[in-house]
Amino acid sequence: MESLRGKVAIVTGGSRGIGLAISRALVAEGAHVAMTGRSESHLAAARSAIEAAGPGSVETLQADVRRFAEVKRAVDATAARFGGLDVLINNAGIGIFKPVAVMTPDQWAEVIDTNLTGVFNACHAAIPYMQTRGGGFIINISSLAGKNSFADAGAYCASKAGLNAFSEAMMQELRYDNIRVSYVMPGSVATEFTGDSAKGADWKISADDFADIVMGLLHHNPRSLPSRVELRPSKPKK
C-alpha cells in the first residue's frame with residue numbers, strides 16, 4: 001500500500017493505549033479511522049486527542065466486540081460513512097490474571113469472548129467489504145503470552161494462543177483475495193492494560209513504537225507477507 005490517504009480503517013479498542021497510538025498514526029497519514037470501544041467517555045476523549053493529528057478523519061462508535069450485532073453495526077456504519085473498508089486492526093482485549101482455581105467461569109468467558117471471539121466477530125463482519133473492495137489488511141494484536149505461558153494467566157494465554165492459530169488459518173484463507181492477515185505479538189508495553197501505571201516503565205515497548213510496526217506492515221511491499229511479528233523490549237528488567 002503506497003499511501004494510506006483516503007483509506008478506511010477500523011481500530012477496535014481504539015480509545016486508549018496501543019489502539020489510540022495506531023489510530024493517531026493512521027489519521028496522521030490521511031486515513032479515515034473508526035475507533036470502537038465500550039466507554040463513550042473514553043472514545044470522546046480519544047477523538048478530541050487525535051482529530052488534529054493529520055489530514056485523516058475520525059469516527060467513534062460504541063461497540064462491545066463480544067456481541068456480534070454491535071460489531072456488525074459498527075462495521076456497516078463505517079463502510080456507509082466512508083464508502084468501504086480497507087483495514088481492520090483487532091486491538092480490543094482484556095486481561096484477568098488469576099489462578100485457574102480462583103478464576104470464575106464468567107471471568108474466563110469475558111477473556112475468551114473479548115480476545116478471541118471478538119476478533120472473529122470483527123473479521124466476519126469486515127471480510128465481505130474487503131472482498132468487494134478487492135483486498136485489504138487485517139492485523140490482529142496478540143501477545144508473546146500466546147507462545148510463552150505463565151502462571152495466573154491461563155485464560156489470557158489461551159486466548160492469545162487461539163488468536164495466533166486463528167490468524168494463521170485466516171491468512172491462508174484470504175491471501176488469494178488480496179487480503180493480507182498479520183498478527184503482532186508484543187512483550188511488555190508501557191500502557192495501563194494490566195492496571196499498572198505506565199510511568200517509570202521506560203524499558204517497556206512504547207505504544208508509538210508499536211504503532212510504527214503496524215504502519216510498517218501496512219506499507220510493506222505486497223510481494224511478501226510478514227504474517228507474524230514478535231516485538232520485545234530491547235533491554236527488559238533482569
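This one's a predicted model, so the numbers in the text were calculated from it and none came from an experiment.
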In the structure I gave you, are the side-chain heavy atoms of [X] and [Y] within less than 4.5 Å of one another anywhere?
| X | Y | answer |
| --- | --- | --- |
| S143 | Y156 | yes |
| Q131 | N178 | no |
| L217 | V184 | yes |
| N121 | V119 | no |

Is [Y] reachable from [X] through a run of I, L, V, M, F, W or Y residues, each pair having side-chain heavy atoms under 4.5 Å apart?
| X | Y | value |
| --- | --- | --- |
| V100 | L116 | no |
| L218 | L20 | yes |
| W108 | I96 | yes |
| V58 | M215 | yes |
| V189 | V229 | yes |

Counting N and O atoms only, with roles assigned by atom type, does the side chain of [X] sit under 3.5 Å from a partner on the main chain of [Y], one being a donor and the other an acceptor?
| X | Y | answer |
| --- | --- | --- |
| R180 | S224 | yes |
| E51 | S48 | no |
| T114 | V111 | no |
| K72 | A126 | no |

So which atom in [X] and which in [Y] form the shortest heavy-atom distance, rounded to 0.1 Å?
| X | Y | value |
| --- | --- | --- |
| V181 | M170 | CG1-CE, 3.9 Å |
| P226 | S182 | O-OG, 2.9 Å |
| L85 | V8 | CD1-O, 3.7 Å |
| S188 | P233 | O-CG, 3.9 Å |
| L61 | A74 | CD1-O, 3.4 Å |
| A211 | A25 | CB-CB, 4.3 Å |

Salt-bridge contact [X]-[Y] (side-chain N to carboxylate O under 4.0 Å):
| X | Y | result |
| --- | --- | --- |
| R232 | E230 | yes |
| K7 | E29 | no |
| R67 | D64 | yes |

Mind checking whether F166 and F120 have parallel, tilted or perpendicular rings, split at 30° and 60°? perpendicular

Which residues satisfy the side-chain hydrogen bond (donor to acceptor under 3.5 Å, both in side chains) test with D209, sequence neighbours excluded? S206

Under the rule for side-chain hydrogen bond (donor to acceptor under 3.5 Å, both in side chains), what residues qualify as partners of T78, not counting sequence neighbours? none

I'd like to know whether L26 forms a side-chain contact (heavy atoms from CB on, under 4.5 Å) with H32, so could you lay out the CA-CA distance, the side-chain angles of the two residues, the decisive distance to 0.1 Å, and finally the verdict. CA-CA 8 Å; L26 287 165; H32 302 300; over 6 Å; no

Distance only, no hydrogens: is a donor on one side chain within 3.5 Å (strictly under) of an acceptor on the other, for N164 and S142? yes

Answer with yes or no whether the side chains of D86 and Y129 bring together a donor and an acceptor at under 3.5 Å. no

Starting at [atom1] of [X], measure out to [atom2] of [Y] and round the result to the nearest 0.5 Å.
| X | Y | atom1 | atom2 | value |
| --- | --- | --- | --- | --- |
| I138 | L88 | CD1 | CG | 5.5 Å |
| T12 | N90 | OG1 | CG | 5.0 Å |
| N140 | S167 | CG | OG | 4.0 Å |
| Q62 | R73 | CD | CZ | 10.0 Å |
| S23 | I10 | OG | CD1 | 11.0 Å |
| M35 | N91 | CE | CG | 11.5 Å |

Residues F82, E59; criterion side-chain contact (heavy atoms from CB on, under 4.5 Å); working and verdict: CA-CA 10 Å; F82 296 118; E59 185 66 76; 4.1 Å; yes

With M130, the side-chain contact (heavy atoms from CB on, under 4.5 Å) member among I179, L174, V87: I179

Apply the test side-chain contact (heavy atoms from CB on, under 4.5 Å) to residues Y183 and S227: give CA-CA distance (whole Å), side-chain angles for both, the deciding distance (0.1 Å), then the verdict. CA-CA 6 Å; Y183 60 104; S227 56; 5.5 Å; no

Show, in sequence, the C-alpha distance, side-chain angles and deciding distance for T117 and R66, and conclude whether the side-chain contact (heavy atoms from CB on, under 4.5 Å) test is met. CA-CA 7 Å; T117 303; R66 297 174 298 175; over 6 Å; no

